[in-house]
Amino acid sequence: MSKEITSREKDYSQWYNDIILKAGLADYSAVRGCMIIKPYGFALWEKMRDQLDKRFKETGHQNAYFPLFIPKSFLSKEAAHVEGFAKECAVVTHYRLKNDPDGNGIIVDPEAKLEEELIIRPTSETIIWNTYKTWIQSYRDLPLLINQWANVVRWEMRTRLFLRTTEFLWQEGHTAHATSQEAIDETIQMLNVYAEFAEDWMAMPVVKGVKSINERFAGAVDTYCIEALMQDGKALQAGTSHFLGQNFAKAFDVKFSDKENKLDYVWATSWGVSTRLIGALVMAHSDDDGLVLPPKLAPIQVVIIPIYKGDEQKKMVDEKVAKIVEDCKSLNISVKYDDDDSRRPGWKFAEYEMKGVPIRIAIGARDIEQNVAEVARRDNKTKETMSLDGLADALNHLLNDIQENIYNRAAQFRNEHITKADTWEDFVQLLDEKCGFISAHWDGTPETEDKIKELTKATIRCIPLDNQKEEGKCILTGNPSGERVLFARAY
RNA sequence: CGGGGCGUAGCGUAGCCCGGUUAUCGCGCCACAUUUGGGAUGUGGAGGUCGCAAGUUCGAAUCUUGCCGCCCCGACCA
């Protein structure tokens, strides 16, 4: 596998883009850095969204929606926050266009300048905390557990389909609590929701951890994250959950009276995952034939392709398939019968492979005579002949198998690519030749992390939550260290 | 914002260095026929401001200048 990856590494970007375009997930747009999510890609996002949303509600959260526009002054109320986002904000300065008096088409009407510019939200902490100020007076108003599904805009220099687009879709949870501990518990709880979703639904193993100061969210006290490993050996931050302390409460003056009538600032969290998860999915499982989707998230789990000569055979196949479709639906298997006559079977086989459909069934007169169908699985490209009796049940098992198999495959790859390094030479060599996560000692200072980044482009992805304490010496400075941290080159 | 590559039909391209009839080829599209178990075949057909603008020239896809856009690599970042 790693050989394949090495040969692929050079063209990895091209490979990644091809898979997305050919699977029909997304398209480039007319607007620089933005992306069009096509129906198939959006169906996938909806499946992810629905499952996450369900979990948010099970953990007591409610959805709400806040404005797209943020007054410029809001953003500057929390110092670290504005510092972190200032360089990538889109700004609305005018509210009207008019015909150019010189006949050059339409121009911005200089008369229509806004008194205060509006920022298109790069994230919603500020506008939400400005609102929370009016919602929270008493401990009875707490905890306040709100999530929003929204689009945000970050004007990045360089973009990449799904991984980093100028506008992207995400969810952002924003909660307020009476105590520090309660907020920390919430932060960890949501991190666990993300980790379980990544592993159980996306079949993508992740490392749960906490970020170093350098990688911390702008305005957070602590940033927790899930880190995944892509097939080219680079790490990807797949989700974050922030303990914000009282930073935003202080910036927006959000105080509450506790049971003893003492006034205090509330404690906050925020957490989010984005359409970046789709990019993660692509890079975690795909192969050279296209996308490979985990059955639990695949918009189409089973595709059935008829093979026939003439109307008579078609009718016969239709009848058999109708029964299979009905049985599948009763088991909640999402099934598509593609009897489009304008495409030949071979074309369809290739098409659905590129789309990552987990199971493909081919059925023709020959099979029906023997009461069987050809069942092909996408994950390992094997085919077997299965009886039509009890087929839906068998498919159900097969879907579970595939889900498990692609998780195990990704987990094996990930585990093989967490390597310990104890000397600087090993560290550099591992980064260049093996890639993946490097577990190494670090003296705990931002300066050392910066230096390592400068020398190797590797950053500390996280300090794993389940870390073993271990005495050692920093890989760069030789200063004492109490535990290993995970380094990697990252997206 | 720096470095590299590119812009010719819906997509992918040849032609450009060395200017010259009607701009090449493949895929896709339309029609008909034969086909259908791994991206079918034949015949016929439609489709072009050669990225934009200016210049040189009898003549520009081709040469010159300016501009615009896209992709990749850096810095930035989820």
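Please read all numbers here as calculations on a predicted model, not as lab measurements. Proteins get letters first, then strands, A, B, ... in listed order; numbering begins at 1 in each.
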J.: Is the closest basic N to carboxylate O distance between A/Lys38 and A/Asp27 below 4.0 Å?
T.: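 Yes, A/Lys38 and A/Asp27 are salt-bridged.
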J.: Would you say A/Arg158 reaches B/C73's phosphate, i.e. side-chain N/O to OP1/OP2 under 4.0 Å?
T.: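 Yes, within the criterion.
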J.: Under 4.0 angstrom, heavy atoms only, what part of the nucleic acid is A/Phe217 near: base, sugar-phosphate, or nothing?
T.: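 Nothing: the residue A/Phe217, judged by heavy atoms under 4.0 Å, touches no strand.
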J.: Using Watson-Crick or G-U wobble geometry with both distances under 3.5 Å, which nucleotide pairs with B/G69?
T.: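 B/G69 is paired, partner B/C6.
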J.: Mind jotting down which residue pairs meet the salt bridge (Lys or Arg N to Asp or Glu O under 4.0 Å) criterion with at least one end in residues 210-219 of chain A? Sequence neighbours excluded, please.
T.: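 Non-adjacent pairs meeting salt bridge (Lys or Arg N to Asp or Glu O under 4.0 Å): A/Lys211-A/Glu227, A/Glu215-A/Arg461, A/Arg216-A/Asp222.
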J.: Just the rounded figure in Å: distance from C1' of B/G39 to CG of A/Asp288.
T.: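 After rounding, the gap between these two atoms is 17 Å.
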J.: Could you check A/Gly346 against A/Arg164 and say which one's nearest nucleotide on RNA chain B is further toward the 5' end?
T.: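 Upstream on the strand: A/Gly346.
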J.: With no angle test and no hydrogens, is the base of B/G38 tied to the side chain of A/Lys383 by a donor-acceptor pair under 3.5 Å?
T.: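 Checked by distance alone, the answer is yes.
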J.: Sticking with atom C1', work out how far B/C29 lies from B/C71, rounded to a whole angstrom.
T.: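 Those two atoms are separated by 27 Å.
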J.: Tell me: CG of A/Asp18 to P of B/G39, nearest whole Å?
T.: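 Between P of B/G39 and CG of A/Asp18: 21 Å.
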J.: Please state the P separation for the pair B/G15 and B/U34 - nearest whole angstrom.
T.: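 After rounding to an integer number of Å, I get 41 Å for this pair.
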J.: Whom does B/A61 pair with, Watson-Crick or G-U wobble, provided both distances fall under 3.5 Å?
T.: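 Across any shown strand, B/A61 pairs with none.
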J.: With P as the reference atom in both, quote the distance from B/G47 to B/A31 in angstrom, rounded to an integer.
T.: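 Nearest-Å result for B/G47 against B/A31 at atom P: 16 Å.
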J.: Is there a residue in residues 303-316 of chain A whose heavy atoms reach under 4.0 Å of RNA chain B, and which residues are they?
T.: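 A/Ile307, A/Tyr308, A/Lys309, in order of number.
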J.: I need the CG-P distance between A/Asp341 and B/U35, as an integer number of Å.
T.: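 About 13 Å, once rounded to whole Å.
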J.: Heavy atoms under 4.0 Å, any strand shown: does A/Thr275 hit a base, just sugar-phosphate, or nothing?
T.: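 No contact.
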J.: Scan residues 363-378 of chain A against RNA chain B and write down, sorted by residue number, each residue with any heavy atom closer than 4.0 Å; if none is found, say none.
T.: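 Close to the strand are A/Gly364, A/Ala365, A/Arg366, A/Asp367, A/Glu374.
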J.: With RNA chain B as reference, determine whether A/Met354 or A/Ala490 sits nearer its 5' end, using the nearest nucleotide of each.
T.: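 By nearest-heavy-atom nucleotide position, the 5'-most residue is A/Met354.
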J.: With no hydrogens and no angle check, do the side chains of A/Thr187 and A/Ser241 hold a donor and an acceptor under 3.5 Å apart?
T.: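 Side chains of A/Thr187 and A/Ser241: no pair found under 3.5 Å.
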J.: Taking the C1' atom in each of B/C11 and B/G28, what is the distance between them to the nearest angstrom?
T.: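 Each nucleotide's C1' atom is 7 Å from the other's.
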J.: Would you find a donor on one side and an acceptor on the other, under 3.5 Å apart, between the side chain of A/Thr131 and the backbone of A/Ile127?
T.: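 Flag set: sc A/Thr131 to bb A/Ile127 pair under 3.5 Å.
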J.: Taking the side chain from A/Gln301 and the backbone from A/Ile359, do they hold a donor-acceptor pair closer than 3.5 Å?
T.: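 Checked: no pair found.
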J.: Choosing from B/G38, B/G39, B/U36, which nucleotide comes nearest the side chain of A/Pro345?
T.: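 Out of B/G38, B/G39, B/U36, the nucleotide with an atom closest to A/Pro345's side chain is B/U36.
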J.: Could you give the distance separating B/C76 and B/C68 at their P atoms, to the nearest angstrom?
T.: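 The answer is 26 Å between these two P atoms.
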J.: Using 30° and 60° as the class boundaries, would you call the ring planes of A/Phe243 and A/Trp267 parallel, tilted or perpendicular?
T.: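 Rings of A/Phe243 and A/Trp267: parallel, under 30°.
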J.: Can you tell me how far C1' of B/C71 sits from OH of A/Tyr16, to the nearest Å?
T.: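 Interatomic distance, OH of A/Tyr16 to C1' of B/C71: 15 Å.
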J.: Can you tell me, in whole Å, how much space there is between the C1' of B/U62 and that of B/C50?
T.: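 Approximately 10 Å lies between the C1' atom of B/U62 and that of B/C50.
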J.: Scan every strand shown for a Watson-Crick or G-U wobble partner of B/G48, both distances under 3.5 Å, and answer none if you come up empty.
T.: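 Because no pair has both required distances under 3.5 Å, B/G48 counts as unpaired.
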J.: Rounded off to whole Å, could you give me the CZ-to-P distance for the A/Arg489 and B/C73 pair?
T.: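 Atom-to-atom, A/Arg489 to B/C73, this comes out as 14 Å.
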J.: Nearest to the side chain of A/Glu88, heavy atoms from C-beta on, is which of B/U36, B/C77, B/G38?
T.: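 The answer is B/C77, which lies nearest to the side chain.
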J.: Among B/G38, B/G74, B/G39, which nucleotide sits nearest the side chain of A/Glu351?
T.: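 The answer is B/G39.
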J.: Assess whether one donor atom and one acceptor atom, taken from the side chain of A/Arg344 and the base of B/G37, lie less than 3.5 Å apart.
T.: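 Absent.
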J.: Of the candidate nucleotides B/G37, B/C77, B/A75, which contains the atom at the shortest distance from the side chain of A/Ala362?
T.: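 It is B/G37.
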J.: Nearest-Å distance, CD (A/Glu156) to P (B/A75)?
T.: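 It is 13 Å, rounded to the nearest whole Å.
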J.: Between atom NZ in A/Lys457 and atom P in B/C73, what is the gap in whole Å?
T.: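 Answer to the nearest Å: 11 Å.
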J.: Taking the six-membered ring for Trp, are A/Phe217 and A/His242 parallel (under 30°), tilted (30 to 60°) or perpendicular (over 60°)?
T.: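 Correct class here is parallel.
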J.: Can we say A/Lys323 and A/Asp327 salt-bridge, meaning some charged N sits less than 4.0 Å from an Asp/Glu carboxylate O?
T.: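 Answer for the salt bridge query: yes.
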J.: Using the C1' atom in both, what is the distance from B/G48 to B/U57, to the nearest Å?
T.: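 One C1' to the other, the span is 24 Å.
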J.: Which heavy atom in A/Asn151 sits nearest to a heavy atom in A/Glu167, and how many Å separate them?
T.: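 Heavy atoms of A/Asn151 and A/Glu167 come nearest at ND2-OE2, 2.9 Å.
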J.: Suppose we define a pair by two distances each less than 3.5 Å, Watson-Crick or G-U wobble; what does B/U41 pair with here?
T.: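 Paired with B/U41, as far as the under-3.5 Å criterion goes, is B/A33.
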J.: Surrounding CD of A/Gln62 (heavy atoms of other residues, nucleotides or ligands, distance under 6.0 Å), is the total greater than 12?
T.: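 It does not: A/Gln62 CD has 12 such atoms or fewer within range.
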J.: With both distances under 3.5 angstrom, what nucleotide forms a Watson-Crick or G-U wobble pair with B/C77?
T.: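 No nucleotide pairs with B/C77.
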J.: Can you tell me the distance, in whole Å, between the CG atom of A/Asn17 and the P atom of B/C70?
T.: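 Atom-to-atom, A/Asn17 to B/C70, this comes out as 14 Å.
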J.: Distance alone, cut at 3.5 Å: any donor-acceptor contact between the side chains of A/Thr59 and A/Gln189?
T.: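 Result is no, nothing qualifies.
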J.: Using the six-membered ring wherever Trp is involved, compare the ring planes of A/Phe168 and A/Trp170 and label them parallel, tilted or perpendicular (cut-offs 30° and 60°).
T.: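 Answer is perpendicular, since the angle exceeds 60°.
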J.: With C1' as the reference atom in both, quote the distance from B/U8 to B/A60 in angstrom, rounded to an integer.
T.: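 14 Å, rounded to whole Å.
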